[in-house]
Asker: 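Have a look at the structure that comes next, please.
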Amino acid sequence: MIKLRQIAVPTIAMITFLALWEALVWINGWPNYKMASPSDLVPAFTRYWELFLIMGWQTLWRTVVGLLIAIVFGTMVGMIMGFSRTMRDALYPLLVGFNAVPKATVVPIVALMFVGAHDFNTVLIAFMISFFPIAVSVSIGLSTLEPEYRDILRSLGASQTTIFWKIALPKTLPEFFGALKVAVTLAFIGTNLMEIVSPHGRGLGALFDSGKTNSDYPLMFAVLIALAFLGIVLYYVVVALEKIFAGWAERPAG
Amino acid sequence: MTNLIDIKNVRHAYKTASGPLPVLDGLTLSVPEGGFVAVVGPSGCGKSTLTKLVAGLMKPDEGEVWLHGERVKSPRSTVGMAFQNPVMLEWRSILKNVMLPLEIVPTKLTKSQQEDRARYLLDLVGLKGFEDKRPSELSGGMRQRASLCRALVHQPDVLILDEPFGALDAFTREDLWQIMHQVKAKEPFTGVLITHDLRESIYLADQVVVLSGRPARTQFTLDIPETGPRDIDMLYTPEAADMLHTLRHQIEIAQGRAPAEDTAA
Ligand SMILES: Nc1ncnc2c1ncn2[C@@H]1O[C@H](COP(=O)(O)OP(=O)(O)OP(=O)(O)O)[C@@H](O)[C@H]1O
Ligand SMILES: [Mg+2]
């Protein structure tokens, strides 16, 4: 019963959205270069479905690799800042400054610096854009751990490492997953920026770019839909992982 | 007679934004092996601080804390502690929370023996059936009882209880007093009990120590005469009334509400 509602409600919402979109384009009589309608997209997908699969996979794996590096690196930086006040004071302004630089300006620079290394560039940008929220959330999670939690284990003579694994890490997981949901979207944006900007790129971004050069507007819209689909999939993978590893933080309803 | 817990002339101050806050001032206290000392005193006088010093979680600014004839420099696994704030790890079931110390402290018990031990203790404090619940599904008093089990699970030689029954209703509290006597008979320990409840102090302990207001020092000590196995009726005897009266008066002095001159006891 609950399962049915969980699937039926979003599906109905999706169909309603597509119908409204179709109606809007139809009523206004917009040509497809102004606004493609869902019915224009079907031919675009059927014509290029092989390209969509290849390019979609390209985008997906580079986003995920960039994100994985961001998780490892961000968690490490977060741990350093979470455990040492001095390091927090030292690193925080650096991180904030780094994060404040709009990544759209970094993309062309990186594309030039490592010209030709397209996979590397893309993964690098995906990583750079997404590690910040992870680092911040882990550091805040660790530094705000109530001393009472630590004391339970410390009073038994447990080592710092044991305290980290048994208390600090699990206690930080809800914050970590909150940040990961932001990071996954950011990494995705990073990947696409690089794919669109760099010449001879690959992935869905490059497909979008080729649609632009060939004035194939339905293709461009189709890429947007494909991107949205991938983004949703990635996001819900994180949600599923969160349920498994930090489900305890969810308060029972009522 | 050697003392198992020896606190010698301990002085401690917290560093706060508005300068040092002296909390303990030359406090001396000792508990013989197998003894059970209750510590009472005004709120905020430094009782929880005292427990943290005994557990080795903090070092005193001055003075010494000894356990088993050894100077306490860091926490040790032979201590069981129930904190005033009974935090539970929300990601674990109650059973797993109670078993936590066994993951740290070296133990000869097999996994299933460990689980039996935890289940046995939970049953003892009236939490049978709640083993697989999450801490968030328990009331404050139930969490406090689980926290008591966690303090006992590794059979510590030294038990430090910081207001372990504070969140319990009067009836459950009396049940648990009796259970504490049972546990002590079966698994002897040397204990320090912090409490606000004077009846609890004379029913459970063999010595009651009254601390002065902050900064705390030992103001008064009352020995509870040994009269064989205790039951709750003991609290309704004239002797108990006398003891309670004396302790009450001492607390008033500690709070600064009665003059200290007539400390005749
Ligand atoms: N970590 C800390 N930093 C600064 N001051 C503290 C800290 N912990 C306790 N204090 C202060 O030290 C004093 C004694 O605290 P403590 O917790 O030992 O009191 P207590 O006797 O246990 O009180 P209660 O009966 O209310 O539990 C209080 O005035 C408190 O404000
Ligand atoms: Mg206290």
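Just so we're on the same page: letters track the sequence lines, and every chain starts at 1.
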Asker: Counting heavy atoms not belonging to A:Phe177, are there more than 12 under 6.0 Å from its CZ?
Answerer: yes
Asker: Would you say OH of B:Tyr14 has more than 12 non-hydrogen atoms from neighbouring residues, nucleotides or ligands within 6.0 angstrom?
Answerer: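 Yes, enclosed.
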Asker: Fit a plane to each ring of A:Trp248 and B:Trp91, take the angle between them on a 0 to 90° scale, and name the class: parallel (under 30°), tilted (30 to 60°) or perpendicular (over 60°).
Answerer: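 Tilted, since the angle between the ring planes falls between 30° and 60°.
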Asker: Quick one: which residues of residues 141-159 of chain B reach chain A at under 4.5 angstrom, heavy atoms only?
Answerer: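 Within residues 141-159 of chain B, near chain A: B:Arg150, B:His154.
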Asker: Which residues in residues 37-72 of chain B have any heavy atom lying under 4.5 Å from a heavy atom of chain A?
Answerer: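 Checking residues 37-72 of chain B against chain A gives B:Lys52, B:Leu57.
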Asker: Nearest 0.5 Å please: distance from the CD1 atom of A:Ile152 over to the CZ atom of B:Phe83.
Answerer: 6.5 Å
Asker: What residues form a salt bridge (charged side-chain N to carboxylate O under 4.0 Å, His left out) with B:Arg214, not counting sequence neighbours?
Answerer: none
Asker: For chain B, which of A:Ala246, A:Pro147, A:Ser155, A:Ser159 has the most heavy-atom pairs under 4.5 Å?
Answerer: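 It is A:Ser155.
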Asker: Nearest heavy-atom pair of B:Pro75 and A:Gly157: which atoms, and what distance?
Answerer: CB-N, 3.9 Å
Asker: A quick test of your reading: do over 12 heavy atoms of other residues, nucleotides or ligands sit less than 6.0 Å from NZ of A:Lys103?
Answerer: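 Enclosed.
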Asker: Does some side-chain heavy atom of B:Met81 sit less than 4.5 Å from a side-chain heavy atom of A:Arg154?
Answerer: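 Sidechains of B:Met81 and A:Arg154: no contact.
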Asker: Where does B:Arg76 contact chain A at under 4.5 Å (heavy atoms): side chain, backbone, both or neither?
Answerer: backbone
Asker: As an exercise, state the distance from CD of B:Gln84 to CD of A:Glu148, rounded to the nearest 0.5 Å.
Answerer: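 Taking CD in B:Gln84 and CD in A:Glu148, the distance rounds to 9.5 Å.
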Asker: Would the number of heavy atoms belonging to other residues, nucleotides or ligands and lying under 6.0 Å from OH of A:Tyr235 be above 12?
Answerer: no
Asker: Tell me, side chain or backbone of A:Leu173 under 4.5 Å from chain B's heavy atoms, or both, or neither?
Answerer: neither
Asker: So for A:Thr162, is it side chain, backbone, both, or neither that comes closer than 4.5 Å to the heavy atoms of chain B?
Answerer: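 The side chain, not the backbone.
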Asker: Do other residues, nucleotides or ligands put more than 12 heavy atoms under 6.0 Å from the CZ atom of B:Phe130?
Answerer: no
Asker: Write out, in numerical order, the residues from residues 93-119 of chain B with a heavy atom short of 4.5 Å from a heavy atom in chain A.
Answerer: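 Interface residues of residues 93-119 of chain B: B:Leu100, B:Pro101, B:Glu103, B:Ile104, B:Val105.
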